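First the structure, in the form of structure tokens, and then the observations on it.
Letters A, B, ... mirror the listed sequences (proteins, then strands); counts begin at 1. These numbers come from a predicted model, not from an experiment.
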Amino acid sequence: MAMPRKKPKSFKSDGTPKKRWSAAERAARGHKPRRSGGVRNPEARSGRFDRDDRARDRDDRGSRYEDRGFGREGNRDRDRGRRDDRGWRDDRGSGQRWGGSRSRYGWREDRDDSRERGGDRGDRFARRRDDFRGRDGERRRDDHEGREKRRRRDRDFDRDFRRDDRPRGFRGSRRDHQEHPYGRRDHERRGHYDRRSGKARGHFRESRYFDPVEQDQMSWEATTVEVEVTDDDATSGFAELGVAAPMVAALKQQGITEPFPIQRATIADAIAGRDVLGRGRTGSGKTLAFGLPLLTRLAVDEPTGSPRAVILTPTRELALQIADNLSPLATVMGLRLHLVAGGMAYGPQIKAFERGVDVAVATPGRLIDLLEQGIADLSRVEVMVLDEADHMSDLGFLPAVTTILDAVPADGQRLLFSATLDGAVDELVRRYLADPVTHEVDSGKASVTTMTHHVLHVVPHHKNQVTAEIANREGRTVVFARTQMGTDRIARQLREAGVMAGALHGGLTQGARARILAAFKRGEVPVLVATDVAARGIHVDDISLVLQVDPPKTNKDYLHRAGRTARAGEEGAVVSVVLPHQRKQMRRIVGQAGVRTEPVEVVPGSDELAGLTGARPCLGAPVTEADYQALIAPRPQQRRRPGGGRGRGPWRRGDRRDRGHRGERG
DNA sequence: AAAAAAG
């Protein structure tokens, strides 16, 4: 079969044949090896810190496990991996699986991962075959059929497993997974040796508390403020809605005096204790719309020690933001509010529950975790808030959300906020809300007049350059891409083109997520390349352009992404770069989003491009890795207070925050 | 099919 391929196998969307890179060329471009006959990728994945630290950590922990008697099998397994002459195991696979908290790069990674595990699987088969023959010679006759069967079964098993994107070691058996949204937990408490991954797993202090990845966490502390209540606080727009005076005063201190439409619409009903279904774009002031009535109502009764209100959000960043915004209001009302989110240290959250929490702002996973550990008690929750309910009712989220909703007393008040009301949200509403009042402020369409929309048609070989020139504009830009790997790649390509850009996605550690977001807020990294993790709720001032390099999946996603710009009456543009094969899809999405705009054909360097988006040619030198890392490096002084005492002491969170957000406004 | 959400 040495015949050279005459006909090109595939074509680009503009009709020209696709270049088939050789193995060396692929490697030089940083791609992974082909599925057959590739070379080992010399420059594995991004993340200098991650790789080195994890490799070191792996070795450290390997020896610790040996002490515990887990090491021998683990080592044997790793040695087998090293013998694998495809050679990917050492350089990224095991390192990632030791340190990484979850599958990192979507399906492509999964596919590679499964291939990588092919070595293991082969061995397992070999072992089984040996068992087979050794045990019973007679059965050797139907060995072939048996092998086929086993292969099929194993393949199905693997396929089912891969559908589950919890980290490998935490998956439990298939049956466990079906019964519990997060799998069984009793294996892991005791610690066990996981044959599939060849790792020791379990509740070991070492792995939980000394893991450098885990230490790459951000922290959260409650905000303390002092307010003076004056007489005219009783007459402001908020007071008329029934908001308690201390909060009115605190809001005035922040320059917030008049309620937004959605707040005006929902606050009175919510204070009256009714179930509320609020529909409005993010950025329309939803946080206060549920926060103020919730805190007003809670302050009336004596604290019970266990949470009386839970606010549930789909992303950690959003939970953080809500907790930051509501924390000062809670303190002036004498209520204790705490953040309960994954990726962050357990200690402060556990301590908070020990001291007593009135309001928990939570992401689902960690809350369930604490619930199952018996740390959080939701049996006395009076008010339950679901933010971004349309996202929370996604297939992947729903089990966790209903678990929490079921753990909360059924007769409590429920406030549900959602940008849209589709079937899934409706189901949640019917199951958990009693006689809700619906308030709709913005429709599900793009109604902000300060926002302009552009659809740019480009040919494939121009896309990267057009992207880079737009990103090189003046001002803060968010670039949305579909996949985690895509954001990493685009951010890297932008830096190579001389544009300071960083990637934000759920595959990063929480600390890395926080740092890149902080650098973006400070303005030091003016371009943020993000997955849809940043599409909802995240508020950063002065984002003047949202660039979509991959089309959003739905019109909802379009509007959520668009909602990052043109906030609070500012100007903003939403620009979508569209390839020929995406035109139809994009036209549909834009139309459904209620946007009227004519697509424009653009080429790099053109006047139209510059006129519509402020694009500038990329003339600067590539951003060096060192320069970039310096901007997103951990800043210990932001996260550690002198003296060490947590939750006490003279330091005020306000001081800290001022420093952390240095330069945010210019 | 992706991303998000626990460690």
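- Distance, A/M392 CE to B/dA4 C1': 10 Å, rounded to whole Å.
- Atoms CD (A/E372) and P (B/dA5) sit 18 Å apart, rounded to a whole Å.
- Rounded to an integer number of Å, the gap from A/I538 CD1 to B/dA3 P is 17 Å.
- A/F397 places none of its side-chain heavy atoms less than 4.5 Å from the side chain of A/T402.
- Atom-to-atom, CE of A/M485 to C1' of B/dA3 comes out at 14 Å; the value is rounded to the nearest Å.
- Atoms CD (A/E388) and P (B/dA5) sit 13 Å apart, rounded to a whole Å.
- OP1 or OP2 of B/dA5 sits under 4.0 Å from a side-chain N or O of A/R513.
- One can place CZ of A/R316 at 9 Å from C1' of B/dA4, the figure rounded to the nearest angstrom.
- Residues that satisfy the salt bridge (Lys or Arg N to Asp or Glu O under 4.0 Å) test with A/K463, not counting sequence neighbours, are A/D550.
- Of the candidates B/dA1, B/dA5, B/dA4, the closest approach to any side-chain atom of A/V533 belongs to B/dA4.
- Salt-bridge annotation for A/D557 and A/R482: absent, with no side-chain N of the basic residue lying under 4.0 Å from a carboxylate O of the acidic one.
- The phosphate of B/dA4 has OP1 or OP2 within less than 4.0 Å of a side-chain N or O from A/T531.
- Scanning for salt bridge (Lys or Arg N to Asp or Glu O under 4.0 Å) contacts around A/R561 gives A/D532, with sequence neighbours left out.
- Summarising the geometry, the separation between CD1 on A/I311 and P on B/dA5 is reported as 18 Å, rounded to the nearest angstrom.
- Between B/dA1, B/dA5, B/dA3, one nucleotide has an atom nearer to the side chain of A/F397 than all others, and that is B/dA5.
- The nearest whole Å value for the distance from the CG atom in A/L320 to the P atom in B/dA4 is 16 Å.
- Counting only heavy atoms from C-beta on, A/T483 has its side chain closest to B/dA3 among B/dA1, B/dA3, B/dA5.
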